[in-house]
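Here the structure is laid out as C-alpha coordinates; the discussion comes afterwards.
Basis for what follows: all heavy atoms, side chains included, without hydrogens, waters or symmetry-related copies. First the proteins, then the strands, lettered A, B, ... as listed; each starts at 1.
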There are 2 protein chains.
Amino acid sequence: MSKCLSCSQAGKGAFCKFGPQSRAFLQSNSLKTDYVRGSSLFREGDRSNAIFLVCSGKVKVSATSREGRVMILRIAQAGDVLGMSAALTQGDYEVTAEALEPCSVLVLPTKHLMTMLQNFGDASLAAANVLAEDYRAAFDEARLISLPSSPAGRVARLILDWAQDAKSRSNTFITMSMTHEELASMTATTRETITRTLGRLRKDKIIETHGVVLKVLQPQALERLCAC
Amino acid sequence: MSKCLSCSQAGKGAFCKFGPQSRAFLQSNSLKTDYVRGSSLFREGDRSNAIFLVCSGKVKVSATSREGRVMILRIAQAGDVLGMSAALTQGDYEVTAEALEPCSVLVLPTKHLMTMLQNFGDASLAAANVLAEDYRAAFDEARLISLPSSPAGRVARLILDWAQDAKSRSNTFITMSMTHEELASMTATTRETITRTLGRLRKDKIIETHGVVLKVLQPQALERLCAC
DNA sequence: TCGATCGGGTGATGGCCATCACATAAATCG
DNA sequence: CGATTTATGTGATGGCCATCACCCGATCGA
(Lines give C-alpha, C1' and ligand atoms only; values in the text may rest on other atoms or scores of the structure.)
Protein backbone atom coordinates (compact mmCIF):
# COMPACT_ATOMS: atom_id res chain seq x y z
CA MET A 1 0.00 0.00 0.00
CA SER A 2 1.33 3.42 -0.89
CA LYS A 3 1.96 5.77 1.95
CA CYS A 4 0.31 9.09 2.47
CA LEU A 5 2.14 11.93 0.84
CA SER A 6 3.38 13.38 4.07
CA CYS A 7 1.67 11.66 6.94
CA SER A 8 4.40 9.07 6.37
CA GLN A 9 1.90 6.47 7.42
CA ALA A 10 -0.73 4.44 5.64
CA GLY A 11 -3.26 7.20 6.08
CA LYS A 12 -6.95 6.46 6.36
CA GLY A 13 -7.92 9.90 5.14
CA ALA A 14 -9.55 10.31 1.74
CA PHE A 15 -6.61 12.33 0.44
CA CYS A 16 -4.10 9.74 1.58
CA LYS A 17 -5.04 7.21 -1.06
CA PHE A 18 -4.33 9.09 -4.23
CA GLY A 19 -2.98 7.45 -7.34
CA PRO A 20 0.40 8.48 -8.77
CA GLN A 21 -0.92 11.28 -11.01
CA SER A 22 -3.10 13.10 -8.51
CA ARG A 23 -0.49 12.56 -5.85
CA ALA A 24 2.16 14.23 -7.99
CA PHE A 25 -0.18 17.11 -8.75
CA LEU A 26 -0.99 17.58 -5.09
CA GLN A 27 2.65 17.46 -4.17
CA SER A 28 3.76 20.07 -6.66
CA ASN A 29 0.91 22.50 -6.07
CA SER A 30 0.54 22.48 -2.32
CA LEU A 31 2.69 24.06 0.32
CA LYS A 32 3.72 22.25 3.46
CA THR A 33 3.26 24.57 6.40
CA ASP A 34 3.92 24.22 10.10
CA TYR A 35 1.71 25.78 12.74
CA VAL A 36 2.65 26.33 16.36
CA ARG A 37 0.27 25.52 19.17
CA GLY A 38 -2.51 28.09 19.32
CA SER A 39 -2.12 29.52 15.82
CA SER A 40 -5.00 29.53 13.34
CA LEU A 41 -5.10 27.77 9.99
CA PHE A 42 -8.08 29.94 9.10
CA ARG A 43 -10.80 31.82 10.89
CA GLU A 44 -14.58 31.92 10.68
CA GLY A 45 -15.66 34.61 8.22
CA ASP A 46 -12.37 34.74 6.32
CA ARG A 47 -12.62 34.43 2.59
CA SER A 48 -11.80 30.86 1.65
CA ASN A 49 -8.70 30.49 -0.51
CA ALA A 50 -7.33 27.02 0.18
CA ILE A 51 -7.98 23.63 1.70
CA PHE A 52 -5.84 22.20 4.48
CA LEU A 53 -4.64 18.61 4.75
CA VAL A 54 -3.58 17.78 8.27
CA CYS A 55 -0.38 15.70 8.24
CA SER A 56 0.37 15.66 11.95
CA GLY A 57 -0.92 17.25 15.12
CA LYS A 58 -4.44 18.01 16.28
CA VAL A 59 -6.62 20.83 15.02
CA LYS A 60 -9.65 22.19 16.84
CA VAL A 61 -12.57 23.07 14.56
CA SER A 62 -15.00 25.48 16.17
CA ALA A 63 -17.54 28.23 15.62
CA THR A 64 -18.15 31.24 17.83
CA SER A 65 -21.10 33.45 18.62
CA ARG A 66 -20.69 37.20 18.89
CA GLU A 67 -20.95 36.83 22.66
CA GLY A 68 -17.93 34.57 22.68
CA ARG A 69 -19.78 31.35 23.21
CA VAL A 70 -17.84 28.61 21.46
CA MET A 71 -19.08 25.45 19.76
CA ILE A 72 -16.39 22.84 19.14
CA LEU A 73 -17.39 20.77 16.13
CA ARG A 74 -14.58 18.29 16.13
CA ILE A 75 -10.88 17.67 16.63
CA ALA A 76 -9.19 16.97 13.30
CA GLN A 77 -6.13 14.75 13.11
CA ALA A 78 -3.67 13.41 10.56
CA GLY A 79 -5.49 12.54 7.34
CA ASP A 80 -8.35 14.98 7.82
CA VAL A 81 -9.06 17.72 5.33
CA LEU A 82 -10.37 21.12 6.41
CA GLY A 83 -12.10 23.89 4.49
CA MET A 84 -13.48 21.79 1.64
CA SER A 85 -17.05 23.04 1.85
CA ALA A 86 -16.05 26.69 1.83
CA ALA A 87 -13.63 26.14 -1.04
CA LEU A 88 -16.17 24.35 -3.22
CA THR A 89 -18.87 26.93 -2.67
CA GLN A 90 -16.34 29.77 -3.08
CA GLY A 91 -17.61 31.23 0.15
CA ASP A 92 -16.23 32.19 3.54
CA TYR A 93 -14.93 29.70 6.06
CA GLU A 94 -17.84 28.88 8.33
CA VAL A 95 -15.56 27.67 11.14
CA THR A 96 -12.23 28.45 12.78
CA ALA A 97 -9.41 25.91 12.66
CA GLU A 98 -6.78 26.24 15.35
CA ALA A 99 -3.73 24.10 16.11
CA LEU A 100 -4.00 22.37 19.48
CA GLU A 101 -0.42 21.11 19.16
CA PRO A 102 2.38 21.84 16.73
CA CYS A 103 0.90 20.84 13.38
CA SER A 104 2.20 20.04 9.96
CA VAL A 105 -0.28 20.84 7.19
CA LEU A 106 -0.42 20.71 3.40
CA VAL A 107 -2.08 23.85 2.05
CA LEU A 108 -3.66 23.50 -1.37
CA PRO A 109 -4.96 26.75 -2.91
CA THR A 110 -8.53 26.64 -4.16
CA LYS A 111 -7.65 27.23 -7.81
CA HIS A 112 -5.34 24.22 -7.81
CA LEU A 113 -7.97 22.20 -5.99
CA MET A 114 -10.42 22.99 -8.76
CA THR A 115 -7.95 21.95 -11.44
CA MET A 116 -7.24 18.78 -9.57
CA LEU A 117 -10.93 17.91 -9.20
CA GLN A 118 -11.54 18.44 -12.89
CA ASN A 119 -8.57 16.37 -14.04
CA PHE A 120 -8.41 13.45 -11.65
CA GLY A 121 -11.36 11.22 -10.97
CA ASP A 122 -9.96 9.83 -7.76
CA ALA A 123 -9.52 13.36 -6.43
CA SER A 124 -13.15 14.33 -6.96
CA LEU A 125 -14.28 11.11 -5.35
CA ALA A 126 -12.00 11.86 -2.42
CA ALA A 127 -13.43 15.37 -2.19
CA ALA A 128 -16.93 13.93 -2.06
CA ASN A 129 -15.87 11.63 0.75
CA VAL A 130 -14.35 14.52 2.66
CA LEU A 131 -17.61 16.41 2.36
CA ALA A 132 -19.56 13.37 3.47
CA GLU A 133 -17.33 13.15 6.54
CA ASP A 134 -17.78 16.83 7.30
CA TYR A 135 -21.49 16.34 7.01
CA ARG A 136 -21.44 13.43 9.41
CA ALA A 137 -19.40 15.37 11.92
CA ALA A 138 -21.84 18.28 11.83
CA PHE A 139 -24.83 15.95 11.93
CA ASP A 140 -23.43 14.01 14.87
CA GLU A 141 -22.80 17.26 16.69
CA ALA A 142 -26.35 18.43 16.06
CA ARG A 143 -27.65 15.09 17.24
CA LEU A 144 -25.46 15.14 20.33
CA ILE A 145 -26.76 18.53 21.33
CA SER A 146 -30.39 18.17 20.28
CA LEU A 147 -31.49 14.78 21.37
CA PRO A 148 -30.47 14.37 25.00
CA SER A 149 -32.78 16.56 27.07
CA SER A 150 -30.22 17.66 29.63
CA PRO A 151 -26.59 18.74 29.76
CA ALA A 152 -25.84 15.74 31.93
CA GLY A 153 -27.31 13.55 29.22
CA ARG A 154 -25.13 15.15 26.59
CA VAL A 155 -22.02 14.51 28.63
CA ALA A 156 -23.07 10.89 28.99
CA ARG A 157 -23.63 10.70 25.23
CA LEU A 158 -20.20 12.17 24.55
CA ILE A 159 -18.49 9.66 26.82
CA LEU A 160 -20.38 6.83 25.15
CA ASP A 161 -19.23 8.06 21.75
CA TRP A 162 -15.66 8.06 22.98
CA ALA A 163 -16.07 4.59 24.42
CA GLN A 164 -17.37 3.40 21.06
CA ASP A 165 -14.39 4.99 19.38
CA ALA A 166 -11.95 3.44 21.86
CA LYS A 167 -13.53 0.04 21.47
CA SER A 168 -13.15 0.27 17.70
CA ARG A 169 -9.44 0.48 18.38
CA SER A 170 -9.82 -2.42 20.83
CA ASN A 171 -8.93 -0.16 23.70
CA THR A 172 -10.62 -0.39 27.08
CA PHE A 173 -9.46 3.05 28.14
CA ILE A 174 -10.35 6.47 26.87
CA THR A 175 -7.65 9.09 26.83
CA MET A 176 -9.34 12.42 27.30
CA SER A 177 -6.89 15.25 26.81
CA MET A 178 -9.39 18.07 26.88
CA THR A 179 -10.14 20.64 29.53
CA HIS A 180 -13.53 20.89 31.16
CA GLU A 181 -13.91 24.20 29.40
CA GLU A 182 -13.55 22.48 26.02
CA LEU A 183 -15.90 19.69 27.00
CA ALA A 184 -18.43 22.36 27.91
CA SER A 185 -18.10 23.84 24.42
CA MET A 186 -18.76 20.46 22.87
CA THR A 187 -21.90 19.81 24.88
CA ALA A 188 -23.42 23.28 25.02
CA THR A 189 -23.11 23.64 28.77
CA THR A 190 -20.77 25.29 31.28
CA ARG A 191 -17.46 24.31 32.81
CA GLU A 192 -18.94 23.97 36.28
CA THR A 193 -21.60 21.60 35.04
CA ILE A 194 -18.93 19.44 33.41
CA THR A 195 -16.94 19.33 36.64
CA ARG A 196 -19.99 18.46 38.68
CA THR A 197 -21.34 15.90 36.22
CA LEU A 198 -18.02 14.06 35.96
CA GLY A 199 -17.70 14.22 39.74
CA ARG A 200 -21.09 12.67 40.20
CA LEU A 201 -20.37 9.95 37.62
CA ARG A 202 -17.20 9.15 39.54
CA LYS A 203 -19.02 9.07 42.86
CA ASP A 204 -21.67 6.76 41.45
CA LYS A 205 -18.96 4.40 40.17
CA ILE A 206 -20.16 4.86 36.62
CA ILE A 207 -16.79 6.05 35.40
CA GLU A 208 -13.26 6.06 36.75
CA THR A 209 -10.54 8.59 36.01
CA HIS A 210 -6.79 8.53 36.45
CA GLY A 211 -5.28 11.66 34.97
CA VAL A 212 -6.22 11.81 31.30
CA VAL A 213 -7.30 8.17 31.31
CA LEU A 214 -11.02 7.54 31.63
CA LYS A 215 -12.67 4.17 32.02
CA VAL A 216 -16.36 3.42 31.73
CA LEU A 217 -17.56 1.05 34.46
CA GLN A 218 -21.28 1.02 33.73
CA PRO A 219 -22.13 1.72 30.10
CA GLN A 220 -25.82 0.96 30.71
CA ALA A 221 -26.00 3.70 33.31
CA LEU A 222 -24.69 6.17 30.76
CA GLU A 223 -27.19 4.92 28.19
CA ARG A 224 -29.97 5.50 30.69
CA LEU A 225 -28.73 9.01 31.41
CA CYS A 226 -28.59 10.21 27.82
CA ALA A 227 -31.51 8.16 26.60
CA CYS A 228 -30.78 8.53 22.92
CA MET B 1 -32.10 28.15 -19.77
CA SER B 2 -33.04 24.51 -19.75
CA LYS B 3 -35.70 23.47 -17.35
CA CYS B 4 -35.34 20.97 -14.60
CA LEU B 5 -36.11 17.45 -15.62
CA SER B 6 -39.34 17.30 -13.72
CA CYS B 7 -39.64 20.32 -11.49
CA SER B 8 -40.92 21.96 -14.67
CA GLN B 9 -39.30 25.13 -13.48
CA ALA B 10 -35.86 26.64 -13.79
CA GLY B 11 -34.72 24.73 -10.74
CA LYS B 12 -32.02 26.09 -8.48
CA GLY B 13 -31.08 22.65 -7.21
CA ALA B 14 -27.73 21.14 -8.15
CA PHE B 15 -29.40 18.32 -10.04
CA CYS B 16 -31.60 20.69 -12.02
CA LYS B 17 -28.78 22.01 -14.16
CA PHE B 18 -27.56 18.89 -15.87
CA GLY B 19 -26.30 18.86 -19.41
CA PRO B 20 -28.08 16.79 -22.07
CA GLN B 21 -26.12 13.59 -21.49
CA SER B 22 -26.38 13.34 -17.74
CA ARG B 23 -29.97 14.50 -17.95
CA ALA B 24 -30.82 11.69 -20.33
CA PHE B 25 -29.06 9.18 -18.11
CA LEU B 26 -30.91 10.41 -15.05
CA GLN B 27 -34.20 10.29 -16.86
CA SER B 28 -33.84 6.76 -18.09
CA ASN B 29 -32.48 5.28 -14.86
CA SER B 30 -34.63 6.92 -12.24
CA LEU B 31 -38.20 6.25 -11.28
CA LYS B 32 -40.69 9.01 -10.70
CA THR B 33 -42.63 8.24 -7.57
CA ASP B 34 -45.46 9.99 -5.75
CA TYR B 35 -45.77 10.04 -1.99
CA VAL B 36 -48.90 10.89 -0.07
CA ARG B 37 -48.79 13.18 2.93
CA GLY B 38 -47.25 11.41 5.91
CA SER B 39 -45.51 8.62 4.01
CA SER B 40 -41.77 8.02 4.28
CA LEU B 41 -39.25 8.20 1.48
CA PHE B 42 -36.81 6.40 3.74
CA ARG B 43 -36.24 5.89 7.43
CA GLU B 44 -33.33 6.32 9.77
CA GLY B 45 -31.37 3.08 10.03
CA ASP B 46 -32.63 1.63 6.73
CA ARG B 47 -29.98 0.39 4.37
CA SER B 48 -29.39 3.06 1.76
CA ASN B 49 -30.23 2.01 -1.79
CA ALA B 50 -31.13 5.17 -3.68
CA ILE B 51 -31.07 8.94 -3.67
CA PHE B 52 -34.22 11.03 -3.88
CA LEU B 53 -34.70 14.16 -5.98
CA VAL B 54 -37.61 16.20 -4.75
CA CYS B 55 -39.63 17.53 -7.70
CA SER B 56 -42.59 18.99 -5.82
CA GLY B 57 -43.94 19.10 -2.30
CA LYS B 58 -42.18 19.46 1.03
CA VAL B 59 -40.21 16.76 2.81
CA LYS B 60 -39.35 16.79 6.50
CA VAL B 61 -35.85 15.53 7.29
CA SER B 62 -35.47 14.43 10.89
CA ALA B 63 -33.68 12.15 13.32
CA THR B 64 -35.16 10.48 16.38
CA SER B 65 -33.82 9.32 19.72
CA ARG B 66 -34.93 6.01 21.18
CA GLU B 67 -37.10 7.95 23.61
CA GLY B 68 -39.00 9.50 20.73
CA ARG B 69 -37.40 12.92 20.93
CA VAL B 70 -37.29 14.30 17.41
CA MET B 71 -34.75 16.63 15.82
CA ILE B 72 -35.91 18.26 12.57
CA LEU B 73 -32.88 19.02 10.45
CA ARG B 74 -34.59 20.79 7.61
CA ILE B 75 -37.56 20.94 5.29
CA ALA B 76 -36.55 19.92 1.78
CA GLN B 77 -38.32 21.35 -1.25
CA ALA B 78 -38.29 21.08 -5.04
CA GLY B 79 -34.72 20.81 -6.28
CA ASP B 80 -33.30 19.30 -3.10
CA VAL B 81 -31.63 15.91 -3.12
CA LEU B 82 -31.91 13.54 -0.18
CA GLY B 83 -29.84 10.53 0.88
CA MET B 84 -26.63 11.45 -0.92
CA SER B 85 -24.32 11.01 2.04
CA ALA B 86 -25.64 7.57 2.90
CA ALA B 87 -25.49 6.48 -0.74
CA LEU B 88 -21.89 7.57 -1.23
CA THR B 89 -20.67 5.93 1.95
CA GLN B 90 -22.76 2.82 1.22
CA GLY B 91 -24.15 3.07 4.71
CA ASP B 92 -27.53 3.38 6.38
CA TYR B 93 -29.71 6.44 6.13
CA GLU B 94 -28.88 8.61 9.13
CA VAL B 95 -32.18 10.49 8.95
CA THR B 96 -35.84 9.93 8.17
CA ALA B 97 -37.46 11.69 5.21
CA GLU B 98 -41.21 12.10 5.36
CA ALA B 99 -43.61 13.82 2.99
CA LEU B 100 -45.30 16.83 4.58
CA GLU B 101 -47.54 17.25 1.55
CA PRO B 102 -48.18 15.13 -1.51
CA CYS B 103 -44.76 14.88 -3.12
CA SER B 104 -43.38 13.95 -6.46
CA VAL B 105 -39.89 12.48 -6.30
CA LEU B 106 -37.32 11.04 -8.70
CA VAL B 107 -35.73 7.94 -7.19
CA LEU B 108 -32.28 7.08 -8.51
CA PRO B 109 -30.85 3.74 -7.31
CA THR B 110 -27.37 3.92 -5.84
CA LYS B 111 -25.78 1.72 -8.49
CA HIS B 112 -27.00 4.03 -11.23
CA LEU B 113 -25.88 7.03 -9.22
CA MET B 114 -22.39 5.57 -9.06
CA THR B 115 -22.33 4.98 -12.80
CA MET B 116 -23.53 8.50 -13.38
CA LEU B 117 -20.90 10.02 -11.12
CA GLN B 118 -18.14 8.11 -12.88
CA ASN B 119 -19.27 9.00 -16.36
CA PHE B 120 -20.45 12.59 -16.16
CA GLY B 121 -18.33 15.34 -14.73
CA ASP B 122 -21.22 17.71 -14.16
CA ALA B 123 -22.98 15.02 -12.16
CA SER B 124 -20.11 14.53 -9.73
CA LEU B 125 -19.77 18.25 -9.31
CA ALA B 126 -23.50 18.43 -8.59
CA ALA B 127 -23.14 15.62 -6.07
CA ALA B 128 -20.39 17.52 -4.31
CA ASN B 129 -22.61 20.58 -4.15
CA VAL B 130 -25.46 18.54 -2.71
CA LEU B 131 -23.12 17.24 -0.01
CA ALA B 132 -21.90 20.75 0.70
CA GLU B 133 -25.51 21.87 1.15
CA ASP B 134 -26.26 18.94 3.43
CA TYR B 135 -23.22 19.86 5.43
CA ARG B 136 -24.34 23.46 5.74
CA ALA B 137 -27.81 22.43 6.85
CA ALA B 138 -26.40 20.18 9.58
CA PHE B 139 -23.85 22.80 10.59
CA ASP B 140 -26.48 25.52 10.78
CA GLU B 141 -28.65 23.26 12.88
CA ALA B 142 -25.79 22.53 15.27
CA ARG B 143 -25.03 26.23 15.46
CA LEU B 144 -28.66 27.12 16.04
CA ILE B 145 -28.90 24.72 18.94
CA SER B 146 -25.46 25.20 20.45
CA LEU B 147 -24.81 28.88 20.47
CA PRO B 148 -27.84 30.60 21.95
CA SER B 149 -27.83 29.88 25.66
CA SER B 150 -31.58 29.54 26.09
CA PRO B 151 -34.52 28.01 24.24
CA ALA B 152 -35.99 31.48 23.89
CA GLY B 153 -32.76 32.55 22.23
CA ARG B 154 -32.94 29.67 19.80
CA VAL B 155 -36.46 30.59 18.81
CA ALA B 156 -35.29 34.15 18.20
CA ARG B 157 -32.40 32.84 16.12
CA LEU B 158 -34.76 30.69 14.05
CA ILE B 159 -37.07 33.61 13.34
CA LEU B 160 -34.09 35.74 12.33
CA ASP B 161 -32.95 33.02 9.93
CA TRP B 162 -36.40 32.98 8.39
CA ALA B 163 -36.42 36.74 8.12
CA GLN B 164 -33.08 36.59 6.35
CA ASP B 165 -34.48 33.99 4.00
CA ALA B 166 -37.62 36.03 3.33
CA LYS B 167 -35.59 39.17 2.70
CA SER B 168 -33.47 37.31 0.13
CA ARG B 169 -36.71 36.81 -1.76
CA SER B 170 -37.51 40.49 -1.15
CA ASN B 171 -40.42 39.54 1.04
CA THR B 172 -41.33 41.44 4.19
CA PHE B 173 -43.47 38.63 5.52
CA ILE B 174 -42.56 35.19 6.72
CA THR B 175 -44.98 32.40 6.03
CA MET B 176 -44.63 29.89 8.82
CA SER B 177 -46.62 26.77 8.10
CA MET B 178 -45.29 24.67 10.93
CA THR B 179 -46.90 23.57 14.15
CA HIS B 180 -45.48 24.59 17.50
CA GLU B 181 -44.62 20.95 18.02
CA GLU B 182 -42.41 21.02 14.94
CA LEU B 183 -40.82 24.30 15.93
CA ALA B 184 -40.00 22.71 19.26
CA SER B 185 -38.24 19.86 17.46
CA MET B 186 -36.18 22.33 15.50
CA THR B 187 -35.04 24.26 18.55
CA ALA B 188 -34.61 21.46 21.07
CA THR B 189 -37.34 22.68 23.37
CA THR B 190 -40.99 21.89 24.12
CA ARG B 191 -44.27 22.89 22.54
CA GLU B 192 -45.34 24.88 25.59
CA THR B 193 -42.15 26.89 25.55
CA ILE B 194 -42.69 27.70 21.87
CA THR B 195 -46.24 28.84 22.57
CA ARG B 196 -45.15 30.98 25.49
CA THR B 197 -42.12 32.43 23.75
CA LEU B 198 -44.08 33.43 20.66
CA GLY B 199 -46.79 34.82 22.91
CA ARG B 200 -44.32 36.96 24.77
CA LEU B 201 -42.71 38.18 21.54
CA ARG B 202 -46.17 39.20 20.35
CA LYS B 203 -46.96 40.94 23.61
CA ASP B 204 -43.68 42.85 23.48
CA LYS B 205 -44.46 43.98 19.93
CA ILE B 206 -41.34 42.27 18.65
CA ILE B 207 -43.24 40.15 16.16
CA GLU B 208 -46.74 40.17 14.73
CA THR B 209 -48.70 37.16 13.53
CA HIS B 210 -51.74 36.82 11.34
CA GLY B 211 -52.47 33.18 10.71
CA VAL B 212 -49.44 31.64 9.07
CA VAL B 213 -47.99 35.06 8.27
CA LEU B 214 -45.33 36.33 10.64
CA LYS B 215 -43.79 39.77 10.57
CA VAL B 216 -40.73 40.92 12.47
CA LEU B 217 -41.21 44.36 14.00
CA GLN B 218 -37.97 44.70 15.95
CA PRO B 219 -35.10 42.66 14.49
CA GLN B 220 -32.65 44.20 16.97
CA ALA B 221 -34.68 42.87 19.88
CA LEU B 222 -34.43 39.38 18.42
CA GLU B 223 -30.69 39.81 17.92
CA ARG B 224 -30.37 40.79 21.54
CA LEU B 225 -32.35 37.77 22.66
CA CYS B 226 -30.36 35.16 20.79
CA ALA B 227 -27.07 36.98 21.06
CA CYS B 228 -25.27 34.99 18.39
C1' DT C 1 -74.00 16.68 12.22
C1' DC C 2 -71.41 15.05 15.85
C1' DG C 3 -67.55 12.96 17.94
C1' DA C 4 -62.72 12.67 17.72
C1' DT C 5 -58.40 14.42 16.92
C1' DC C 6 -55.16 18.06 16.61
C1' DG C 7 -53.21 22.49 17.37
C1' DG C 8 -52.84 26.02 20.52
C1' DG C 9 -53.09 28.53 25.08
C1' DT C 10 -52.36 28.68 30.12
C1' DG C 11 -51.55 27.73 35.18
C1' DA C 12 -48.80 25.42 38.88
C1' DT C 13 -44.71 23.28 40.36
C1' DG C 14 -40.22 21.69 41.06
C1' DG C 15 -35.66 20.64 39.61
C1' DC C 16 -31.87 21.52 37.17
C1' DC C 17 -28.39 24.31 35.79
C1' DA C 18 -26.31 29.02 34.58
C1' DT C 19 -24.20 32.40 37.01
C1' DC C 20 -21.29 34.43 40.50
C1' DA C 21 -17.90 33.89 43.85
C1' DC C 22 -14.03 31.97 45.81
C1' DA C 23 -10.65 28.30 46.99
C1' DT C 24 -7.25 24.96 45.72
C1' DA C 25 -4.20 22.45 42.65
C1' DA C 26 -1.28 22.20 38.72
C1' DA C 27 1.44 23.91 35.31
C1' DT C 28 4.07 27.37 33.11
C1' DC C 29 7.69 30.75 33.11
C1' DG C 30 10.82 34.21 34.36
C1' DC D 1 12.14 28.67 43.12
C1' DG D 2 8.45 32.19 43.65
C1' DA D 3 4.90 34.26 40.75
C1' DT D 4 1.41 34.08 37.56
C1' DT D 5 -1.65 31.83 34.83
C1' DT D 6 -4.50 27.88 33.97
C1' DA D 7 -7.37 24.02 35.38
C1' DT D 8 -10.41 22.16 38.63
C1' DG D 9 -13.49 21.82 42.61
C1' DT D 10 -17.40 23.57 45.40
C1' DG D 11 -21.06 26.47 47.68
C1' DA D 12 -25.13 29.58 47.29
C1' DT D 13 -28.77 31.42 44.67
C1' DG D 14 -32.28 32.34 41.51
C1' DG D 15 -34.53 31.91 37.17
C1' DC D 16 -35.92 29.50 33.52
C1' DC D 17 -38.09 25.85 31.54
C1' DA D 18 -39.64 20.80 31.36
C1' DT D 19 -43.36 18.47 32.94
C1' DC D 20 -48.12 17.64 34.07
C1' DA D 21 -52.74 18.93 33.77
C1' DC D 22 -56.55 20.94 31.73
C1' DC D 23 -59.29 23.86 28.51
C1' DC D 24 -60.76 25.68 24.17
C1' DG D 25 -61.37 26.14 19.27
C1' DA D 26 -60.81 24.34 14.69
C1' DT D 27 -60.72 20.79 11.56
C1' DC D 28 -61.78 16.43 9.81
C1' DG D 29 -64.02 12.18 8.86
C1' DA D 30 -67.74 9.10 8.93
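A 4.5 Å side-chain heavy-atom check between B:Val216 and B:Trp162 finds every atom pair outside the cut-off. Inter-residue side-chain proximity for B:Thr193 and B:Val155 is flagged as unmet; no heavy-atom pair is nearer than 4.5 Å. A:Thr209 places none of its side-chain heavy atoms less than 4.5 Å from the side chain of A:Met176.
For the segment residues 68-77 of chain A, no residue has any heavy atom less than 4.0 angstrom from an atom of DNA chain D. Less than 4.0 Å separates DNA chain C from at least one heavy atom of each of the following residues of residues 193-209 of chain B: B:Thr195, B:Arg196, B:Arg202.
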Reading nucleotides 21-30 of chain D from 5' to 3' and marking B where a protein heavy atom lies under 4.0 Å of the base, S where only the sugar-phosphate is that close, and - otherwise, the string is B---------

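The backbone N or O of A:Met71 lies less than 3.5 Å from no partner atom in the side chain of A:Ser185, so there is not a single donor-acceptor pair.
In the model, A:Arg136 has no side-chain atom that pairs as donor or acceptor with a side-chain atom of B:Ser85 under 3.5 Å.
Across the protein-nucleic acid pair, A:Glu181 atom CD and C:dA26 atom P stand 19 Å apart, rounded to whole Å. As a whole-Å value, the separation of B:Leu214 CG from C:dG8 P is 13 Å. The interatomic distance linking A:Leu183 (CG) with D:dT8 (P) rounds to 8 Å, in whole Å.
Only one option out of A:Asp165, A:Asp140, A:Asp134 pairs with A:Arg74 in a salt bridge (Lys or Arg N to Asp or Glu O under 4.0 Å); it is A:Asp134.
Remark: B:Thr179 is not in phosphate contact with C:dC6, judged by side-chain N or O atoms under 4.0 Å from OP1 or OP2.
Within a 6.0 Å sphere centred on CD of B:Gln218, heavy atoms belonging to other residues, nucleotides or ligands number more than 12. Crowding of A:Glu101 atom CD: a count of heavy atoms from other residues, nucleotides or ligands under 6.0 Å exceeding 12.
A salt bridge does not link A:Arg143 to B:Glu94: none of the charged nitrogens lies less than 4.0 Å from a carboxylate oxygen.
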B:Tyr35 vs B:Val59, side-chain contact (heavy atoms from CB on, under 4.5 Å): CA-CA, chis, key distance, verdict = CA-CA 10 Å; B:Tyr35 293 87; B:Val59 179; over 6 Å; no

